[in-house]
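For reference, the structure discussed in these notes is given below.
Nothing here was measured: the structure is a model prediction, and the numbers come from that model. Counting starts at 1 for both ligands and their atoms, following the listed order.
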Amino acid sequence: MNYRKLRNIEVSSIGYGCMGFSHGYGEIPSEDEAIRLIRLAYEKGCTFFDTAEVYGDGHNERLVGKAIEPFRENIILASKLYIDSNAVGGSFEELETHIRAHLDASLEKLRTDYLDIYYQHRVNDDIPVEDVARVMGKLIVEGKIRGWGQSQPTAEQIRSAHEVTPLTAVQSEYSMMERQFEQDVIPTCKELNIGFVPFSLLASGFLSGKYSNKDQYQGDDVRRVITRFNEENVNKNQPLIDLIQKYANEKQATAAQISLAWMLYKEPFIVPIPGMRKESRVNENLGAADVHISEEEYTALENELSKIKVYGNRTDEDIAKLKDID
Ligand SMILES: NC(=O)c1ccc[n+]([C@@H]2O[C@H](COP(=O)([O-])OP(=O)(O)OC[C@H]3O[C@@H](n4cnc5c(N)ncnc54)[C@H](OP(=O)(O)O)[C@@H]3O)[C@@H](O)[C@H]2O)c1
């Protein structure tokens, strides 16, 4: 494993997205197995673990808290809150009380008295980002959080918030299939020395090349509703998988590793957090930190990627449709 920095916080180059142990990908493994995998990743040098209060309605924070308890001081722990606009009357004091209550609940579940990074899970349209930044600034001064972040912000929201309390990291969807943030968000992070943490960086596993149009998904698995997993789009996106696989073969790596190595090459402040619920995935994905792409390979890959059209996407609107199907 090797290490990089999200602003002033050092993390392993590849972190662990823990959501799938509670939420979003159908049937979950047993608690014992989830804890075993998290601890295995730590033994392999992974020091960055990502959770959120909403994953399994507290289940995920409890699980992660238990798993990391023996080595909590040695790792970087990130969680997220949703600010409920309806519960915040419009005054700064109410907002502060609301955020503090969410943080205290998360800390208790996570068995710790501080978070390293506390993200606003989605930026609320009707709450000034500056106010959220002010509350986060107070929490940093008190030592309850070491840094803070925003998930899926615009470049403008980053700038406004960062001016009040510097952001440690921005967490947003980013992969070879979803590159919109290359336009403005990633350059803004670079300019302001903010870390960028991609989620759904393997396009919910699709970029591993291990899924086909025959795969069926159950329960709360987002792949039932995200359009890049419908049969037609899986077929149409095959040229992308073929391209990644070509590089994987040349480098004796896997397609998932090429996808990860590609984003690690781009910027030293990018730290992906793949979701993984099998030992083989932990070994494969953390192993990507050792897959190095040369400048020549990167340029050729970018050139070929630019010629490939991507079909389907993964949006919050898609995922909301899960509520309406059994
Ligand atoms: N801020 C936000 O709004 C937000 C949104 C979504 C996610 N997140 C965070 O980001 C993390 C990652 O996001 P994600 O889980 O959507 O993205 P992801 O890592 O692109 O997708 C996870 C899926 O890919 C599969 N997978 C992972 N590595 C694989 C490999 N080497 N070969 C084959 N399949 C592989 C996993 O399978 P198995 O599970 O079966 O191993 C899982 O089904 C989450 O855990 C969460 O912490 C944040």
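With a 4.0 Å cut-off on non-hydrogen atoms, A203 touches ligand 1 through its backbone and not its side chain. Neither the backbone nor the side chain of V222 comes within 4.0 Å of ligand 1, counting heavy atoms alone. Proximity of K210 to ligand 1, defined as any heavy-atom pair under 4.0 Å, is confined to the side chain (atoms from C-beta onward). Looking at R223 against ligand 1, only its side chain comes within 4.0 Å, counting heavy atoms. Residue contacts with ligand 1 for Q150 are absent, since no atom lies close enough (heavy atoms, distance under 4.0 Å). The proximity of S200 to ligand 1, defined as any non-hydrogen pair under 4.0 Å, involves the side chain as well as the backbone. With a heavy-atom cut-off of 4.0 Å, H121 touches ligand 1 through its side chain alone.
Side chain of N124 to backbone of D126: no donor-acceptor contact under 3.5 angstrom is found. Side chain of N285 to main chain of V282: no donor-acceptor pair is present (N/O by atom type, distance under 3.5 Å, no hydrogens or angles). At least one donor-acceptor pair closer than 3.5 Å links the side chain of E53 to the backbone N or O of Y82. Side chain of D318 to main chain of T315: a donor-acceptor pair is present (N/O by atom type, distance under 3.5 Å, no hydrogens or angles). A donor-acceptor pair is defined here as one N or O able to donate and one able to accept, closer than 3.5 Å; such a pair exists between the side chain of Q152 and the backbone of E173. In this structure, T112 contributes its side chain and E108 its backbone to no donor-acceptor pair below 3.5 Å. A donor-acceptor pair under 3.5 Å is absent between the side-chain atoms of R111 and the main chain of G65, judged by distance alone. Looking only at distances, a side-chain donor or acceptor of Q157 sits under 3.5 Å from a matching main-chain atom of T154.
Between the side chains of Y118 and K144, no donor N or O sits under 3.5 Å from an acceptor N or O. No hydrogens or angles considered: nothing links the side chains of K309 and N237 as a donor-acceptor pair under 3.5 Å. When only modelled atom types and interatomic distance are considered, E182 and Y174 share a side-chain donor-acceptor pair under 3.5 Å.
Ligand 1 does not have Y16 within reach: every non-hydrogen atom of the residue lies 4.0 Å or more from it. By the 4.0 Å heavy-atom criterion, Y211 is counted among the residues contacting ligand 1. Ligand 1 lies nowhere less than 4.0 angstrom from a heavy atom belonging to Q257. Heavy atoms of Q152 come nearer than 4.0 angstrom to ligand 1 in no pair at all. In this structure, R122 is part of the shell of residues with a heavy atom less than 4.0 angstrom from ligand 1.
Salt bridge absent: E33 and R39 never bring a charged side-chain N and a carboxylate O closer than 4.0 Å. A salt bridge between R281 and E284 is absent, with no side-chain N of the basic residue lying under 4.0 Å from a carboxylate O of the acidic one. A salt bridge between E96 and R100 is present, with a side-chain N of the basic residue lying under 4.0 Å from a carboxylate O of the acidic one. Between E267 and R4 no salt bridge is recorded (no basic side-chain N to carboxylate O distance below 4.0 Å).
Close approach to E284 involves these atoms of ligand 1, each under 4.0 Å from a residue heavy atom: 31 (N). With ligand atoms numbered from 1 in the order given, ligand 1 contributes 20 (O), 21 (O), 23 (C), 24 (O), 25 (C) to contacts under 4.0 Å with heavy atoms of G205. Atom numbering of ligand 1 starts at 1 in the shown order; those under 4.0 Å from a heavy atom of K80 are 1 (N). Numbered from 1 in the order shown, with element, the atoms of ligand 1 that lie under 4.0 Å from a heavy atom of S151 read 1 (N), 2 (C), 3 (O). Every atom of ligand 1 is numbered from 1 in the order shown, and the set under 4.0 Å from a heavy atom of C18 is 45 (O), 47 (O).
Scanning S175, G275, G26 for the heavy atom closest to atom 22 (C) of ligand 1 points to G275. Taking each of Y25, F49, F199, Y55 in turn, the one with a heavy atom nearest to atom 10 (O) of ligand 1 proves to be F199.
Considering both main-chain and side-chain atoms, G17 comes within under 3.5 Å of ligand 1 through a nitrogen or oxygen pair. Checking only distances, M276 never comes within under 3.5 Å of ligand 1, N or O to N or O. Between R277 and ligand 1, a contact under 3.5 Å exists for at least one N or O pair. For T51, no nitrogen or oxygen atom sits less than 3.5 Å from a nitrogen or oxygen atom of ligand 1, counting backbone and side chain alike. Not a single N or O atom of A256, backbone or side chain, sits closer than 3.5 Å to an N or O atom of ligand 1. In terms of polar-atom proximity, R314 is not counted as a contact of ligand 1, lacking any N or O under 3.5 Å from an N or O of the ligand.
At the top of the distance list for atom 40 (O) of ligand 1, counting protein heavy atoms only, stands K278 NZ, 2.8 Å. Here the heavy atom of the protein found nearest to atom 48 (C) of ligand 1 is Q171 OE1, 3.0 Å. Of the protein's non-hydrogen atoms, the one nearest atom 47 (O) of ligand 1 is D50 OD2, 2.7 Å. Of the protein's non-hydrogen atoms, N285 OD1, 3.0 Å is the one closest to atom 31 (N) of ligand 1. Here the heavy atom of the protein found nearest to atom 20 (O) of ligand 1 is L202 N, 2.9 Å. In terms of protein heavy-atom proximity, atom 44 (C) of ligand 1 is nearest to M19 CB, 3.6 Å. Considering only non-hydrogen protein atoms, atom 12 (C) of ligand 1 sits nearest to I273 O, 3.1 Å. Among all protein heavy atoms, the one lying closest to atom 33 (C) of ligand 1 is S208 OG, 3.2 Å.
In this structure, I308 and P239 approach most closely via the heavy-atom pair CD1-O, 3.8 Å.
Taking the six-membered ring where tryptophan is involved, the planes of F229 and Y211 are perpendicular, since the angle between them exceeds 60° and thus also 30°.
Side-chain rings of F48 and Y16 stay apart, their centers remaining 6.0 Å or farther from each other. Aromatic rings of F269 and F196 (six-membered ring for Trp) have centroids beyond the 6.0 Å cut-off, not under it.
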